[in-house]
Amino acid sequence: MVDYKVPEDGEPIRFENGKWITPNKPIILYIEGDGIGPEITQSAIKVVNKAVEKAYGSSREIKWVEVYAGDKALQITGDRFPKETQDMLLKYRVVLKGPLTTPIGGGWRSINVSIRLMLDLYANIRPVKYIQGLESPLKHPEKVDLIIFRENTDDLYRGIEWPADSPEAKKIREFLKKEFNIELEDDTGIGIKPMSKYKTQRIARMAIRYAIENKRRKVTIMHKGNVMKYTEGAFREWAYEVALKEFRDYIVTEDEVNKAGGKVPEGKIVVNDRIADNMFQQIITRPDEYDIILAPNVNGDYISDAAGALIGDIGLLGGANIGDTGGMFEAIHGTAPKYAGKDVANPTGIIKGAEMMLRFMGWIEAADLIDKALMTAMEQKKVTQDIARFLGVKALKTSEFTQALIDIIDTLK
């Protein structure tokens with residue numbers, strides 16, 4: 001039994017029609033995580049607190065509440081994901097989460113997946129922005145500044161499939177032959193790729209709203225609709241429908257821009273689309289032409305890692321899982337147990353996740369301070385061991401890097 005204490009002067013973040021209503025003293029949960037999780041999570045909290053203080057003085061403050069999951073929860077409660085933690089997540093809806101161990105092939109169920117399902121976090125969001133000084137495979141990596149909105153709950157990731165030798169696959173092959181005259185070989189495994197209009201349009205709505213609120217310039221719908229016309233092609237059509245019906249005052253399509261001589265009207269966000277295979281080569285050859293990428297689940301998985309590789313170190317990326325009534329913010333890397341407790345891990349990924357959290361809260365000024373501090377630290381070659389070895393400089397410990405970011409934020413305007 002865990003009895004969580006919540007600050008009396010804090011308030012939950014509320015959600016109305018997909019918008020975050022953030023009080024001046026919001027209650028935000030955090031899970032330290034496994035392996036290097038406790039060190040990097042505490043680093044992120046310290047950096048966020050400093051950025052909030054610098055941006056808003058004493059008028060705003062995050063009221064952090066730790067909840068237990070993973071190894072720490074197991075030690076304290078005998079359960080990796082205790083009911084009391086689940087109840088807190090359902091009540092307060094926003095969590096900064098360190099990496100948690102998920103066994104491969106067996107063992108306990110992924111707590112990450114459980115939280116996503118519990119809070120209906122249907123959008124996986126990953127910003128990818130080059131940090132000066134990283135060793136990138138691109139000639140001009142400074143042109144990379146992308147945010148990928150990947151649909152989280154539909155498509156092949158729903159796992160509706162059967163092995164070739166299963167009775168279920170045999171029944172489906174027989175049904176297809178009898179009802180539709182479609183013949184599949186007897187050794188054919190079968191998977192189903194569902195895409196719904198509702199799920200497509202809610203993430204399209206979120207991506208466009210994010211573009212408007214954060215003054216982004218373009219939303220590109222990534223799809224393979226030239227082949228899969230009624231799934232990926234429908235994703236494209238449904239996304240355009242949301243853009244044109246719900247955000248007409250804010251957006252202009254690429255076709256409209258081309259007909260007007262190529263000039264984008266002042267203050268308008270361009271909405272366009274690209275076929276998936278073309279998208280991959282274009283983010284390498286012309287990364288500066290892309291801004292927000294909106295993709296179905298499988299495409300989003302591929303393009304997220306491909307984009308991360310462009311900046312030279314995917315481990316520095318943060319991510320968010322977002323729904324209409326909640327959010328989970330994290331680094332995208334694992335627990336790195338061999339570095340646990342050694343004060344050497346790079347906390348940049350989870351700090352970037354926390355930066356995204358601030359943006360969804362509407363605390364843009366504090367988020368911008370964190371972004372500037374990370375860029376400045378790299379320029380000054382104040383880095384942890386994973387980066388220091390490439391730059392040929394002395395590595396900072398996790399705690400030293402954290403303090404360096406805090407000191408930089410103090411100097412920013």
Q: List the steps, then state whether side-chain contact (heavy atoms from CB on, under 4.5 Å) holds for Asn272 with Thr253.
A: CA-CA 6 Å; Asn272 63 0; Thr253 67; over 6 Å; no

Q.
Any salt bridge linking Asp154 with Arg158? Criterion: basic side-chain nitrogen under 4.0 Å from a carboxylate oxygen.
A. yes

Q. Could you walk me through whether Asp273 and Tyr240 pass the side chain to side chain donor-acceptor pair (under 3.5 Å) check?
A. CA-CA 9 Å; Asp273 70 276; Tyr240 269 122; 2.6 Å; yes

Q: Have a look at Lys224 and tell me which of Asp277, Asn299, Asn278 forms a side-chain hydrogen bond (donor to acceptor under 3.5 Å, both in side chains) with it.
A: Asp277

Q.
Heavy-atom count check: over 12 atoms from other residues, nucleotides or ligands less than 6.0 Å from Tyr339 OH?
A. no

**Q.** Minimal non-hydrogen separation, Pro82 against Ala73, with atom names
**A.** CD-CB, 3.8 Å

Q. Can you find a heavy atom in the side chain of Ile62 that is under 4.5 Å from one in the side chain of Met357?
A. yes

Q) Would the number of heavy atoms belonging to other residues, nucleotides or ligands and lying under 6.0 Å from CZ of Phe247 be above 12? A) yes

**Q.** Minimal non-hydrogen separation, Thr22 against Met361, with atom names
**A.** OG1-O, 2.9 Å

Q) Passes side-chain contact (heavy atoms from CB on, under 4.5 Å), Val144 versus Val128? Steps please. A) CA-CA 7 Å; Val144 178; Val128 182; 4.0 Å; yes

Q | Minimal non-hydrogen separation, Pro26 against Glu61, with atom names | A | CD-O, 3.3 Å

Q) Would you call Glu241-Lys197 a salt bridge at under 4.0 Å N-O? A) yes

Q. Any Lys/Arg nitrogen of Arg236 or Glu232 sitting under 4.0 Å from an Asp/Glu carboxylate oxygen of the other?
A. no

Q.
If you apply the rule side-chain contact (heavy atoms from CB on, under 4.5 Å), what do you find for Arg150 with Asn297, and how did you get there?
A. CA-CA 6 Å; Arg150 169 192 173 195; Asn297 207 330; 2.8 Å; yes

Q) What distance do Ser59 atom OG and Glu53 atom CD have between them, rounded to the nearest 0.5 Å? A) 11.0 Å

**Q.** Test log, rule salt bridge (charged side-chain N to carboxylate O under 4.0 Å, His left out), inputs Lys5 and Asp3
**A.** CA-CA 6 Å; Lys5 304 296 184 188; Asp3 184 18; 3.0 Å; yes

Q. Can you check salt bridge (charged side-chain N to carboxylate O under 4.0 Å, His left out) on Asp145 and Arg216, steps first, answer last?
A. CA-CA 10 Å; Asp145 185 3; Arg216 306 294 293 200; 3.4 Å; yes

Q: Determine, for Glu84 against Lys91, whether the closest basic-nitrogen to carboxylate-oxygen distance falls under 4.0 angstrom.
A: no

Q. Thinking salt bridges, do Asp305 and Arg126 make one under a 4.0 Å N-O criterion?
A. yes

Q.
Go through it in stages, so that I can follow the logic: the residues are Asp386 and Thr384, the test is side chain to side chain donor-acceptor pair (under 3.5 Å), and I'd like the CA-CA distance, side-chain angles, deciding distance and then a yes or no.
A. CA-CA 6 Å; Asp386 54 328; Thr384 48; 2.7 Å; yes

Q. Can you name the nearest heavy-atom pair linking Leu121 to Asn152, along with the distance?
A. O-ND2, 3.0 Å

Q | Glu16 vs Lys19, salt bridge (charged side-chain N to carboxylate O under 4.0 Å, His left out): CA-CA, chis, key distance, verdict | A | CA-CA 5 Å; Glu16 295 179 2; Lys19 292 189 175 182; over 6 Å; no

Q. Would you call Glu168-Lys171 a salt bridge at under 4.0 Å N-O?
A. no

Q. What's the spacing between Leu138 CG and Ile283 CD1 if we round to 0.5 Å?
A. 9.0 Å

Q) Is there a side-chain contact between Ile311 and Ile131, using heavy atoms and a 4.5 Å cut-off? A) no

Q) Does Met378 reach the side chain of Val383, with side-chain heavy atoms less than 4.5 Å apart? A) yes

Q.
Strictly below 4.0 Å, N to O, side chains only: are Arg205 and Glu246 in salt-bridge contact?
A. yes

**Q.** Carboxylate-amine/guanidinium contact Arg202 Asp120, below 4.0 Å
**A.** yes

**Q.** Heavy-atom closest contact (Ile332 atom, Gly319 atom, distance)
**A.** CG2-N, 4.1 Å

Q.
Taking the side chain as everything from C-beta on, heavy atoms only, tell me whether Leu100 gets closer than 4.5 Å to Asn112.
A. yes

Q: Would you check, one step at a time, whether the test salt bridge (charged side-chain N to carboxylate O under 4.0 Å, His left out) holds for Lys97 with Glu32?
A: CA-CA 6 Å; Lys97 184 190 69 63; Glu32 285 192 334; over 6 Å; no

(Q) Between Ile147 and Ile293, does the side-chain contact (heavy atoms from CB on, under 4.5 Å) criterion hold? Intermediate values first, please. (A) CA-CA 6 Å; Ile147 301 180; Ile293 298 174; over 6 Å; no

Q. Shortest non-hydrogen contact from Asp155 to Val298?
A. OD2-N, 3.1 Å

Q: Determine, using ring centers only, whether Tyr56 and Trp363 are less than 6.0 Å apart.
A: yes

(Q) Quick check for you: to the nearest 0.5 Å, what is the distance between Thr153 atom OG1 and Ile203 atom CD1? (A) 8.0 Å

**Q.** Student check: side-chain heavy atoms of Glu365 and Asp368 closer than 4.5 Å
**A.** no

Q. Rounded to the nearest 0.5 Å, what separation is found between the CE atom of Met88 and the NZ atom of Lys83?
A. 12.5 Å

Q.
Salt bridge or not between Glu400 and Lys397? Use side-chain N to carboxylate O under 4.0 Å.
A. no

Q. With no hydrogens and no angle check, do the side chains of Asn346 and Thr348 hold a donor and an acceptor under 3.5 Å apart?
A. yes

**Q.** Of Lys259, Arg274, Lys218, the residue whose pairing with Glu254 passes salt bridge (Lys or Arg N to Asp or Glu O under 4.0 Å)
**A.** Arg274

Q: Flag the pair Lys72 and Asp34 as a salt bridge only when some basic side-chain nitrogen lies within less than 4.0 angstrom of an acidic carboxylate oxygen.
A: no

Q) With a 4.5 Å heavy-atom cut-off, do Ile350 and Glu330 have their side chains touching? A) no

Q) So does Lys46 have more than 12 non-hydrogen atoms from other groups sitting under 6.0 Å from NZ? A) no

Q. Atom CD1 in Ile148, atom CG in Leu317: separation rounded to 0.5 Å?
A. 8.5 Å

(Q) Closer than 3.5 angstrom, by distance alone: can the side chain of Ser166 be matched with the main-chain N or O of Pro163 as a donor-acceptor pair? (A) yes

Q. Is any NZ, NE, NH1 or NH2 atom of the basic residue among Lys381 and Glu379 found under 4.0 Å from an Asp or Glu carboxylate oxygen of the other?
A. no

(Q) Taking the ring centre of each residue, are Tyr68 and Tyr4 less than 6.0 Å apart? (A) yes

Q. Which distance, rounded to the nearest 0.5 Å, do you find between the NE2 of His333 and the CD1 of Ile40?
A. 4.0 Å

Q.
Parallel, tilted or perpendicular: which one describes the rings of Trp20 and Phe360, with boundaries at 30° and 60°?
A. tilted

(Q) Less than 6.0 angstrom from the centroid, inside 45 degrees of the normal: does Arg93 satisfy that with respect to the ring of Phe15? (A) no

Q | Any Glu161 side-chain heavy atom under 4.5 Å of Ile192 side chain | A | no

Q) Can you check whether Tyr92 reaches Ile28 side chain to side chain, under 4.5 Å on heavy atoms? A) no

